[in-house]
Amino acid sequence: MTSTPRTDDRGDLIVDWYDRAARDLPWRRPGVDAWAVLVSEVMLQQTPVARVEPVWREWLARWPSPAALAAASPADVIRAWGKLGYPRRALRLREAAAVVAAEHGDVVPDDVAVLESLPGIGTYTARAVACFGYGQRQPVVDTNVRRVVARMVHGRAEAAPARATDLLDIAALAPADHDRAVRFSVAVMELGALLCVAGTPRCGACPVRDRCAWRLAGSPAYDGPARKVQKFAGTDRQVRGRLLDVLRAATAPVEQDQLDRVWDDAVQRSRCLDSLLADRLVDQTPDGRFTLPT
DNA sequence: TACTCGTGGAT
DNA sequence: TATCCAAGAGT
């Protein structure tokens, strides 16, 4: 006997869970404008919430509009970025702010395609700004969402690499109601961040634990190809970090030999300094010393 | 597509 | 102590 398929209400269960369990993060509070949301999203790219919070507050107090940030020097922006990591994000955010100030009347665009055209704003961040900053119904897919969908929908233990169909997967689960659909986008991320985590998921507290394809399949272990672990010790990233650390702390241009002390391998050291110069994270004075770009 | 790009807390 | 991994983007 066939029956009319009941619409999938897992989206509503996740939104209800979010309403009672979500963290009180400053960029989610009422009255936070799209610029503040944009800054938070760029800072949160690959960087944990706990480290972003204090820096985000400082940035918004210091540069409350795109034009304000665009007027700052790269050196000030790099220093204010502190130790969030991946400092190229700070330069791109400043560049994006300059485009917004010059071409969009200092108002953060609300169109996903326009947002995606800005430096440092990709598929995820563009939709996050449109959804969280402007209240649009938009599918928003980050690593948390891919993991939740992999388990809840596809019955797999781990997230697959990002693909275009991710947006369709998650859009299909969103509640019909507009306001709830908007909240759903952040709610799935929160579920992945708090319960459906990469390590040991807390399925006992999950609002869809009885409707999760992965659990229903017996929580099978990951059986895909071995994922390559990201090394850090000894990499160019570590060397670049050390070089930049010296320049962030310096109050005046530093000599070459001061940079030479941070790493023994001269070939690698030179390569990294060159790459920092190419990235415009470091500048050289006419007399051959090194500084953050002024 | 696969790789690169920081940092530091959690496990 | 070593490994994992965190609201991605650019090339």
Side-chain angles (χ1 to χ4, degrees), chain A residues 18 22-23 25-28 32 36-56 78 81-93 95-96 115-133 138-148 158-164 166-167 170 185-194 196-202 222 225-248 262-263 268 271-272 274-276 278-282:
Chain A
Y18 177 82
R23 293 168 292 180
L25 301 178
W27 44 83
R28 289 180 183 164
V32 173
V37 170
L38 174 54
V39 172
S40 78
E41 292 301 338
V42 173
M43 288 182 172
L44 286 163
Q45 291 168 359
Q46 299 286 284
T47 301
V49 164
R51 240 180 293 165
V52 165
E53 255 204 71
V55 181
W56 179 82
I78 293 165
W81 193 256
K83 311 271 289 189
L84 289 182
Y86 296 142
R88 294 186 299 185
R89 290 182 293 164
L91 294 184
R92 292 189 184 128
L93 182 50
E95 293 165 14
L115 285 163
E116 276 187 311
S117 74
L118 298 174
I121 309 299
T123 304
Y124 163 79
T125 304
R127 285 167 180 77
V129 169
C131 184
F132 310 152
Q138 289 284 352
V140 179
V141 176
D142 73 334
T143 185
N144 290 305
V145 175
R146 282 200 304 279
R147 190 172 53 248
V148 170
E158 304 290 340
R163 12 171 84 216
D166 293 339
L167 292 172
I170 201 64
S185 286
V186 68
V188 179
M189 292 173 59
E190 191 76 341
L191 187 72
L194 297 184
C196 198
V197 295
T200 307
R202 298 186 255 284
Y222 175 77
R227 295 143 294 181
K228 45 198 74 115
V229 289
Q230 163 171 262
K231 296 294 183 191
F232 178 65
T235 64
D236 286 3
R237 291 205 316 292
Q238 181 178 26
V239 180
R240 283 166 55 107
R242 287 195 183 181
L243 291 169
L244 209 55
D245 213 28
V246 172
L247 298 175
R248 269 193 302 257
V262 305
W263 199 255
Q268 185 178 22
R271 178 174 71 238
C272 290
D274 284 346
S275 73
L276 287 169
D279 286 343
R280 314 295 300 263
L281 283 164
V282 173

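Below, read A as the first sequence line, B as the second, and so on, with proteins coming before strands; counting in each chain starts at 1.
- Residue-level contact check: A/Q238 touches neither bases nor backbone, having no heavy atom under 4.0 Å from any strand.
- Base engagement by A/R51 is indicated by at least one non-hydrogen atom pair under 4.0 Å involving a base atom.
- Note on A/P119: only backbone sugar-phosphate atoms sit closer than 4.0 angstrom, heavy atoms only; bases stay farther off.
- Separating the CZ atom of A/F232 from the P atom of C/dC5 is a distance of 18 Å, rounded to the nearest angstrom.
- Set against C/dC4, C/dG8, C/dG10, the side chain of A/Y86 has C/dG8 as its closest nucleotide.
- Across all strands shown, A/R28 has heavy atoms under 4.0 Å from base atoms, whether or not it also approaches the sugar-phosphate.
- Taking atom CZ on A/R147 and atom C1' on C/dA6, their separation rounds to 9 Å, with Å as the unit.
- No donor-acceptor contact under 3.5 angstrom links the side chains of A/S185 and A/R127, judged on distance only.
- Using a 4.0 Å heavy-atom distance criterion, A/R248 is classed as a sugar-phosphate-only contact.
- Note on A/S275: nothing from the nucleic acid sits closer than 4.0 angstrom, heavy atoms only.
- In this structure, A/D279 reaches neither bases nor backbone, as no heavy-atom distance under 4.0 Å exists between it and the strands shown.
- In this structure, A/T125 reaches the sugar-phosphate backbone alone: every heavy-atom distance under 4.0 Å involves primed, P, OP1 or OP2 atoms, never a base.
- Between A/E116 atom CD and C/dG8 atom P the separation is 15 Å, expressed in whole Å.
- Salt-bridge annotation for A/D274 and A/R271: absent, with no side-chain N of the basic residue lying under 4.0 Å from a carboxylate O of the acidic one.
- Across all strands shown, A/L84 has heavy atoms under 4.0 Å from base atoms, whether or not it also approaches the sugar-phosphate.
- Under the 3.5 Å distance criterion, the side-chain polar atoms of A/R28 are matched with a main-chain donor or acceptor of A/R23.
- Counting non-hydrogen atoms under 4.0 angstrom, A/G85 reaches a base of the nucleic acid.
- Here the P atom of nucleotide C/dA7 and the CD1 atom of A/I121 are 18 Å apart, to the nearest Å.
- Put simply, CE on A/M43 is 16 Å from C1' on C/dA6, counting in whole angstrom units.
- Taking atom CZ of A/R146 as the reference point, atom C1' of C/dC5 lies 13 Å away to the nearest angstrom.
- Residue contacts shown for A/W81 are absent, as no nucleic acid heavy atom lies under 4.0 Å away.
- Rounded to whole angstrom, the span from the NZ atom of A/K83 across to the C1' atom of C/dA6 amounts to 17 Å.
- One can place CG of A/L25 at 12 Å from P of C/dA7, the figure rounded to the nearest angstrom.
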- [ ] Just do the salt bridge (Lys or Arg N to Asp or Glu O under 4.0 Å) check on A/R163 and A/D166 with the steps written out, would you?
- [x] CA-CA 6 Å; A/R163 12 171 84 216; A/D166 293 339; 5.6 Å; no
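- Residue-level contact check: A/A198 touches the backbone only, with heavy atoms under 4.0 Å from sugar-phosphate atoms and none from bases.
- Within 4.0 Å (heavy atoms only), A/T123 reaches sugar-phosphate atoms of the nucleic acid but no base atom.
- In this structure, a donor-acceptor pair under 3.5 Å is present between the side chains of A/Y124 and A/E41.
- Extent of DNA chain B lying under 4.0 Å from chain A heavy atoms, first and last nucleotide in 5' to 3' order, is B/dC3 to B/dG8.
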